[in-house]
There are 2 protein chains.
Amino acid sequence: MADIRDVAQRAGCSIATVSRALNSPQLVRPETLARVQAAAAELKFRPNALGRQLRGERTGLIGVMLPTLGNPVFADCLEGIEAAIDGTGRRLLLVTTQYDPERERNAIETLLQQRVDGLLLTLADAEHSALVDDLAAEGVACQLVYNDAPQRPCVSVDNRSAAAQGVAMLIEAGHRDIVMVTGALHASDRAKRRYLGYCDAMQAAGLTPLPAFEIDFNSGARGERVREWLAQRERDGARPTALFCSNDLLALGVMRALREAGLRVPDDMSVLGFDGLAVGELLSPTLATVVQPSVEIGRHAAQRLLAQIDGRDGRTGAATAPADASLGHALILPHEIRRGGTVAAPPRTKDRH
Amino acid sequence: MADIRDVAQRAGCSIATVSRALNSPQLVRPETLARVQAAAAELKFRPNALGRQLRGERTGLIGVMLPTLGNPVFADCLEGIEAAIDGTGRRLLLVTTQYDPERERNAIETLLQQRVDGLLLTLADAEHSALVDDLAAEGVACQLVYNDAPQRPCVSVDNRSAAAQGVAMLIEAGHRDIVMVTGALHASDRAKRRYLGYCDAMQAAGLTPLPAFEIDFNSGARGERVREWLAQRERDGARPTALFCSNDLLALGVMRALREAGLRVPDDMSVLGFDGLAVGELLSPTLATVVQPSVEIGRHAAQRLLAQIDGRDGRTGAATAPADASLGHALILPHEIRRGGTVAAPPRTKDRH
DNA sequence: ATGAAAGCGCTAACAG
DNA sequence: CTGTTAGCGCTTTCAT
């Protein structure tokens, strides 16, 4: 593969001139420029980004770490990120972690070794993670995505109050026996906040919050577990009339389990999701859910990261203030309650108050 | 940031020894090794991958180019790719093109400049693309994903016969007036092949294939267009009883338009998709579709690419045969017909034969 | 406007 | 087992 030296030779100039011709054409006499371009074309010269990156200050690489792409909420967000970097000449280095903190550590280290200019991360649990502090201490440009940690650089919705509003809607519809269904609570700061929101709404209505029904995401037999749990509740005479699922994907799985258990949604059971996946609107009945603007979350996070990166031009030492202090704190985007066919009034037979 | 020289100094050895300690520990005396490791840890040494990559033969980077992540079929495939490279120490450089051939060119060039070890590509139209030939001529390791081009290195299903089987199922169910709905045919080799499959099935049943209904993917008013088209067909007394949609996402959009137009699925209109998105099974009625094993497609493509890359160890010149000639041809994975609630017998009133 | 030269951080001969 | 050395391909002073 032709390198810059070959081009220089063919164009009859020095490699410095070739470099200039390619990066700052205005510094080169038009005639020389033309010769260089011709030579480069003839040799099918393809600049080696590694050489430039090793030499230069920036790589133009952005590290993106997400839990999974199996949940469209993350794919959507990635679309927003892509949209934001489009045209900036930057590229994305992508890693998924399957919500595994061990993999999170490795992935970040890997991205850093590749000398990414900045990091866009969705952590399983940002609040209990020393990782972010370490990154900040090292001066790595970084924005959290979806993680909702007030004092950190992140972009998200206010999960707690969003969840509270969703649950309030269930209560308004007449439900009193509402249970939150979620993946492992300890593994996700978002789920935890949404559970707090659930509790807020219940208490505000004078109801007693119930323990969340935690269900293993990774287990294959999810439907099975849901049915068992329902049967148990049935026996206890404590079957809820509404389920608040900590995300839409889970809601879809739960609805399937309900169907298989012979329960109709919303006649026998109301279901509320969280995320606002596009597919929810295509279902019938349509999925009621708390909508977060996923694409916008991704887009804003990327934009903030770029601003953060650009704000660091040649700064050093203690005298340096961040270009914009707001980049160091949370950006909370507005959520929205999407009413849908999966929520209705509770069945009369359950109306035991 | 500490570099290898700092570590060497602190460990009291040469940089070569540090390099060895890090990459081939067995070549270093345990005692020295320990000193190096200690020094590296104390200095929080983070090897610069760029240096290594510039020096070495490989970068460990895999370039992935997909049309969009908005369609889960590609996100699924990406999951398969990730699964395949997991543990190999490779990283993914991801680009999406929005089906734009111009962006495809740029993206590939960009990935090549980053010196990726290989490319995993889904092109809008692989058959009419000189790009792939150029890549092959340059000796770039590359596998096409989803593109179904018999003579090229690719992993896909047999779109033509898969579509034919799907349509045959519609015919078996009693349909004779079947129309294929698709995005711009000229923009996708898969859609074209699926249309051929549709024609095969129609002709095999003695029916006349109808022109495809092409609908712009990017237009916002998709539902609108579908309704107009339906109304037109209605006026002509030629409303089909079944629609074969070239992909599931399109099928979902079409079903929504049908619903808005007051048509019930499957009572008034049967719908068949293509892709096998997981969400299709969660709908009610469940989406009948031609299932391609998306995750497996991604996984196999990545595995073949890795084999291709590894098969190139130090080979050169004309005396070199590919490690496995099969990597240069298509790998066709089995598809599957998923029956679903969206397909039923045609309404009696349409039974005019 | 152009060239010469000094590395960016690392690996891999080649010598000991 | 370890050190010395020569680059990988590029950008960027510093001269001219």
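Proteins come first, then strands; the chains are lettered A, B, ... in the order of their sequence lines, and each starts at number 1.
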Just by distance, do the side chain of A:Asn71 and the backbone of A:Val73 share a donor-acceptor pair under 3.5 Å?
yes

Whole-Å gap separating [atom2] ([N]) and [atom1] ([X]):
X: B:Leu54; N: C:dG7; atom1: CG; atom2: P; value: 17 Å
X: A:Leu50; N: C:dG9; atom1: CG; atom2: P; value: 15 Å
X: B:Arg46; N: C:dC10; atom1: CZ; atom2: P; value: 12 Å
X: A:Asp3; N: D:dG7; atom1: CG; atom2: P; value: 13 Å

Please work out which residues in residues 110-117 of chain B have a non-hydrogen atom less than 4.0 Å from an atom of DNA chain C and list them by number.
none

Name every residue in residues 25-39 of chain B that has at least one heavy atom under 4.0 Å from any atom of DNA chain C, in order of residue number, or write none if there are no such residues.
none

Take B:Asp134 and A:Lys44, measure what salt bridge (Lys or Arg N to Asp or Glu O under 4.0 Å) needs, and give me the verdict at the end.
CA-CA 11 Å; B:Asp134 295 350; A:Lys44 291 180 194 285; over 6 Å; no

Closest heavy-atom pair and its distance - A:Ala84, A:Gln303
CB-CG, 4.2 Å

Take B:Arg115 and A:Asp3 through the test salt bridge (Lys or Arg N to Asp or Glu O under 4.0 Å) and record every step on the way to the result.
CA-CA 13 Å; B:Arg115 296 305 189 262; A:Asp3 72 6; over 6 Å; no

Derivation and outcome, salt bridge (Lys or Arg N to Asp or Glu O under 4.0 Å), residues A:Asp86 and B:Arg103:
CA-CA 11 Å; A:Asp86 187 32; B:Arg103 294 182 63 140; 3.4 Å; yes

Going by ring-ring contact (aromatic ring centres under 6.0 Å, His included), name the pairs with one or both residues in residues 4-49 of chain A, residues two or more places apart or in two chains.
none

If you look only at pairs with a residue in residues 71-96 of chain B, which of them pass as a ring-ring contact (aromatic ring centres under 6.0 Å, His included), with sequence neighbours excluded?
B:Phe74-B:Tyr146

Residues touching DNA chain D, which here means a heavy atom under 4.0 Å, drawn from residues 14-24 of chain A:
A:Ile15, A:Ala16, A:Ser19, A:Arg20, A:Asn23

At how many degrees, to 10°, do the end axes of the helix from C:dA1-D:dT16 to C:dG16-D:dC1 meet when each uses five pairs?
40°

